[in-house]
Amino acid sequence: MFQPRQLNYRSRLINQTLESAYKISSLYLFLGSLLLLIPPFVLPRNTTTLKVLQLALTGSGIVLSGVSLSHALRISKLEPLVRAEEQQEEEDYQHQLAVTRYYQETQRERVMEAMLEQSSDPTESLQPAAPNTVTLPPINHPLAAIGQALIEALLHYNLPCDWVEGHRGPTTQRLVLKPVVNAQVKVKVADLKNRERDLQIALGLSQPPLIQALTQGVAFDLNLSEQERQFCPLENYISYRVLSDEEPVRMAMGVDLYGQLVEIELANPNTCHVLGGGATGSGKSEAQKAMLASLILRYPPERVQVFLIDVKRVTFAKQEFDALPWLWHPVCRDTDSALDLLENLDAEQQKRYERFESLGANDLEDYNRKVKPQLRLPRIVCFIDEIQYLTKEKEVKGQFEALVEGLGALARAAGIHLVLFTQYPKADVVSTKIKVNMGVRLGLRLQSAKVGAVILDVEEWGKLCTGLLGKGDLIFSDGGTMLRLQSLYVRSINELLPSPLRGI
C-alpha cells in the first residue's frame, strides 16, 4: 500500500539546538571577559558581587562551549548517516510514486486482459441457463476485432448479444447487436445502457459508447479518435450544377454512418424549418455555410434566394456573402434592424398568399405551375445565426417570438423557410413559441444533456450531444428519425462557384 511521503527533520532540529547553545555560550564568555578587563579604578577588585558574576558568566560560557563542541563533534559524525537516510527515503518515495503511476496507467489494460481471459470460455462466467453460442462478426469484417471484443465483454456481464452489422462512419464506428431474448435469458436495452462505463474500460475507449435502440437491434456508437475521424468536404458530395425546375429544392444536412448524404426537402411540412444549437467549437457556423452552399450550388437565384441575419458577424463574412446574387436582402448584422427585416419577410408572406388566392393556388409550387416562367416566385430561406441576441430584452424577445411563431406556422406553403441557430439553447432562449414549428432539429456538441433536450425534445437524444466530437459532429432529428451525421465542410463558397457568380 502506498504511504504518503514522510520526511526526517531530526538533524535539522539538533543543528538548530546546538546553534542556539553556541550563541548563548559565546554571549556568556564575552560578558565574562568584558568584566575581567574592567580597570580597577572603575570598579574595585575586591567587590564580592563582581567576582561572583565574573565567575558565573565565565564558567557558564566555558561549560556551554564545551557541550556545544562535544555535540558538534558528535553531529559531524552522524550528519553523513542522517543525510544518507534522508536520501534513501527520498529515493523510496520516488520509486513508490512511479509504481503508483504505472499501476494507474496500466489498470485499464489489466482489466481488459482479465475480462478476456475469463470470457474465453463464456460458460465459466455465465449462469448455466445463458447460451454460449452467440453470433460473432465474420472474421473478414473490417470491425470484426472490436465487434468480438464488445460481444465478449457483454458476455462477462451475462448480457449475450448476437452480431447484426457494423459500419465505420466519418466520426464513429457503429456496431449493431441483437440482444438475446428466450426462455432462459432476456437482455433489456436498459441493462446494456447501465454498462456504458464498464464497456468503456473493457474496450479501452476515451468516452463511453453511445447506446440506443434501433429497429434491427441495439446500436453501440464508438467514437473515433481525433486522428482517425474524417471530415466531409462539400465538393466530394455536391458540385455546381443547376437542377431542373422539376427537381424539388433540397438542403444538405450532412453525411451519415454509411457515407450517404442526408438532405431535407423544403416543401415537406415536416422538414421545412430547421433549429440547431451547439457550443463553441461544435461546428455550427460551418454547418450553416454548408447548408447555404448546398442551395446556391444547385439552384439559380430565380428558384432560391437567401436572407441572412448574422448579428455575431462571424458566420457570413461581408467580403464573401454581401455580393452573392442569391441574396433577397443585404446581410443584416444589426440587432435593431433584424426585427424590421423579419417584419418585411412576414409582409412578403402575406403578399404571396394574396397572389395564391387570386389564382386559386394552394402553395408556391402550385402557383409557379399556373403562371408564366418570368412571374414565378423563388423560395426564400432565412438564416439567423445566434437568436440569443434577439431574446435578451423582454420587449424585443416578444416581437421576435411572435414573428418566428407566425412564419413557422404559415410560411412553408408560401415558400419561406427558417434556419435558426444558437450557442445558448436554454429554455429562456429557445422557447416553446420558437421551436414549436421547427420540424428539423440539429444538436451539435453541448455541455449538458439538459440543454440538448431543449433542442431535440428527447432527453435521451440530448444526452448524446454531450458525447459528440465537435467540428460538425451532430445529431439530426426530423421528429420520427434520429441520425448521427457529420456536416459538410466548406472552406470557401466562392471557390466552388463560377467566376460571374462569386460574391467577390
Participant: Nearest 0.5 Å please: distance from the CG atom of Leu292 over to the CZ atom of Phe316.
Facilitator: 6.0 Å
Participant: Look at the side chain of Arg229 and the backbone N and O of Gly169, then say whether any donor-acceptor pair between them is shorter than 3.5 Å.
Facilitator: no
Participant: Under a 4.5 Å cut-off applied to non-hydrogen side-chain atoms, are Arg298 and Val242 in contact?
Facilitator: no
Participant: Just by distance, with hydrogens left out, do Thr171 and Gln230 show a side-chain donor and acceptor under 3.5 Å apart?
Facilitator: no
Participant: Could you check if a side-chain atom of Ile264 sits within less than 4.5 angstrom of a side-chain atom of Asp478, using non-hydrogen atoms only?
Facilitator: no
Participant: Could you tell me if the side chain of Gln399 sits less than 4.5 Å from the side chain of Glu395, heavy atoms only?
Facilitator: yes
Participant: Given Leu345 and Trp328, is the side-chain contact (heavy atoms from CB on, under 4.5 Å) satisfied, shown in steps?
Facilitator: CA-CA 10 Å; Leu345 196 62; Trp328 183 72; 3.9 Å; yes
Participant: So which atom in Leu474 and which in Leu468 form the shortest heavy-atom distance, rounded to 0.1 Å?
Facilitator: CA-CD1, 3.8 Å
Participant: Within a radius of less than 6.0 Å around NZ of Lys193, do more than 12 heavy atoms belonging to other residues, nucleotides or ligands occur?
Facilitator: yes
Participant: Is it the case that Glu228 and Ser225 place a side-chain donor and acceptor less than 3.5 Å from each other?
Facilitator: yes
Participant: List the steps and the verdict of salt bridge (charged side-chain N to carboxylate O under 4.0 Å, His left out) for Asp310 and Arg313.
Facilitator: CA-CA 5 Å; Asp310 184 12; Arg313 306 190 178 195; over 6 Å; no
Participant: Indicate yes or no for a side-chain donor-acceptor contact from Arg445 to the backbone of Asp473 under 3.5 Å, with no hydrogens or angles considered.
Facilitator: no
Participant: Give the minimum heavy-atom separation between Thr315 and Phe321, together with the two atoms involved.
Facilitator: O-CE1, 3.8 Å
Participant: Test your reading of the model: is there a side-chain donor-acceptor pair from Tyr353 to the backbone of Leu410, 3.5 Å cut-off?
Facilitator: yes
Participant: Within the structure provided, determine whether Val381 and Phe307 are in side-chain contact (heavy-atom separation under 4.5 Å).
Facilitator: no
Participant: Name the orientation class of the two ring planes belonging to His417 and His273 (parallel below 30°, tilted from 30 to 60°, perpendicular beyond 60°).
Facilitator: tilted
Participant: Using modelled atom types only, decide if a donor and an acceptor are shared between the side chain of Ser477 and the backbone of Met482 within a distance under 3.5 Å.
Facilitator: no
Participant: With side-chain contact (heavy atoms from CB on, under 4.5 Å) as the criterion, how do Leu243 and Val249 come out once you've worked through the C-alpha distance, each side chain's angles and the decisive distance to 0.1 Å?
Facilitator: CA-CA 9 Å; Leu243 300 179; Val249 177; over 6 Å; no
Participant: Heavy-atom count check: over 12 atoms from other residues, nucleotides or ligands less than 6.0 Å from Lys471 NZ?
Facilitator: no
Participant: Report yes or no: do Asn223 and Gln207 form a side-chain donor-acceptor pair below 3.5 Å?
Facilitator: yes
Participant: For the CG atom of Leu159 and the NZ atom of Lys188, what is their distance to the nearest 0.5 Å?
Facilitator: 12.0 Å
Participant: Is there a donor-acceptor contact under 3.5 Å linking the side chains of Thr271 and Glu265?
Facilitator: no
Participant: Supply the atom-to-atom distance Glu348 CD to Leu341 CG, rounded to the nearest 0.5 angstrom.
Facilitator: 13.0 Å
Participant: Hey, are the side chains of Phe220 and Leu210 touching, using non-hydrogen atoms and a 4.5 Å cut-off?
Facilitator: no
Participant: Can you spot which of Lys312, Gln288, Lys284 makes a side-chain hydrogen bond (donor to acceptor under 3.5 Å, both in side chains) with Asp385?
Facilitator: Gln288
Participant: Nearest 0.5 Å, what's the CG-CG distance between Asn368 and Leu364?
Facilitator: 4.5 Å
Participant: Decide whether Ser487 and Glu286 meet the rule of one side-chain donor and one side-chain acceptor closer than 3.5 Å.
Facilitator: no
Participant: Checking Phe231 against Tyr489 for the ring pair (Phe, Tyr, Trp, His ring centres under 6.0 Å) test, could you report, in this order, the C-alpha distance in whole Å, the side-chain angles of both residues, the deciding distance, and whether it holds?
Facilitator: CA-CA 7 Å; Phe231 294 97; Tyr489 172 72; 7.0 Å; no
Participant: Main chain of Asp428, side chain of Lys397: is a donor-acceptor contact present, judged purely on distance under 3.5 Å?
Facilitator: yes
Participant: Quick check for you: to the nearest 0.5 Å, what is the distance between Asn344 atom CG and Cys332 atom SG?
Facilitator: 10.5 Å
Participant: Start with the C-alpha gap between Glu152 and Gln148, add the side-chain angles, then the distance that decides, and say whether side chain to side chain donor-acceptor pair (under 3.5 Å) holds.
Facilitator: CA-CA 6 Å; Glu152 291 178 348; Gln148 182 170 344; 3.1 Å; yes
Participant: Would you mind reporting whether Thr172 and Leu469 have side-chain heavy atoms less than 4.5 Å apart?
Facilitator: no
Participant: Can you measure from NZ (Lys392) to CD1 (Ile387) and round to the nearest 0.5 angstrom?
Facilitator: 13.0 Å
Participant: Could you go through Phe421 and Leu275, starting from their C-alpha distance and side-chain angles, then the distance that decides it, and tell me whether this counts as side-chain contact (heavy atoms from CB on, under 4.5 Å)?
Facilitator: CA-CA 6 Å; Phe421 268 81; Leu275 173 64; over 6 Å; no
Participant: Passes salt bridge (charged side-chain N to carboxylate O under 4.0 Å, His left out), Glu196 versus Lys463? Steps please.
Facilitator: CA-CA 13 Å; Glu196 286 181 346; Lys463 182 181 177 182; 3.7 Å; yes
Participant: For residues Glu165 and Gln216, report the shortest heavy-atom separation together with the two atoms involved.
Facilitator: OE2-NE2, 3.3 Å
Participant: Can you confirm whether Asp221 sits close enough to Arg484 that some side-chain heavy atom of one is under 4.5 Å from a side-chain heavy atom of the other?
Facilitator: yes
Participant: Look at the side chain of Arg412 and the backbone N and O of Ala409, then say whether any donor-acceptor pair between them is shorter than 3.5 Å.
Facilitator: no
Participant: Give me the atom names and distance for the closest heavy-atom approach of Leu390 to Ala338.
Facilitator: CD2-CB, 3.9 Å
Participant: Report yes or no: do Gln388 and Gln423 form a side-chain donor-acceptor pair below 3.5 Å?
Facilitator: no
Participant: Given 3.5 Å as the limit, does a donor-acceptor pair link the side chain of Arg303 with the main chain of Ser244, or not?
Facilitator: yes
Participant: Test side chain to side chain donor-acceptor pair (under 3.5 Å) on Ser294 and Glu263; report intermediate values, then the result.
Facilitator: CA-CA 9 Å; Ser294 70; Glu263 300 181 282; 5.8 Å; no
Participant: Does Gln200 reach the main-chain N or O of Ser206 with its side chain, forming a donor-acceptor pair under 3.5 Å?
Facilitator: yes
Participant: Apply side-chain contact (heavy atoms from CB on, under 4.5 Å) to Leu261 and Tyr237, showing your working.
Facilitator: CA-CA 7 Å; Leu261 181 64; Tyr237 300 87; 4.3 Å; yes
Participant: Using every non-hydrogen atom in the two residues, find where Cys161 and Leu192 come nearest and quote the distance to one decimal.
Facilitator: SG-CD2, 4.1 Å
Participant: Within the side chain of Tyr299, is there an N or O that forms a donor-acceptor pair under 3.5 Å with the backbone of Arg379?
Facilitator: no
Participant: Please report the closest heavy-atom contact between Leu234 and Ala290, naming both atoms and the distance.
Facilitator: CD1-O, 3.7 Å
Participant: Return the orientation label for the Tyr258 and His167 ring planes: parallel under 30°, perpendicular over 60°, tilted otherwise.
Facilitator: perpendicular
Participant: State whether the side chain of Asp191 and the backbone N or O of Val187 hold a donor-acceptor pair below 3.5 Å, judged by distance alone.
Facilitator: no
Participant: Are Val419 and Ile384 side-chain neighbours, meaning at least one heavy-atom pair lies under 4.5 Å?
Facilitator: no
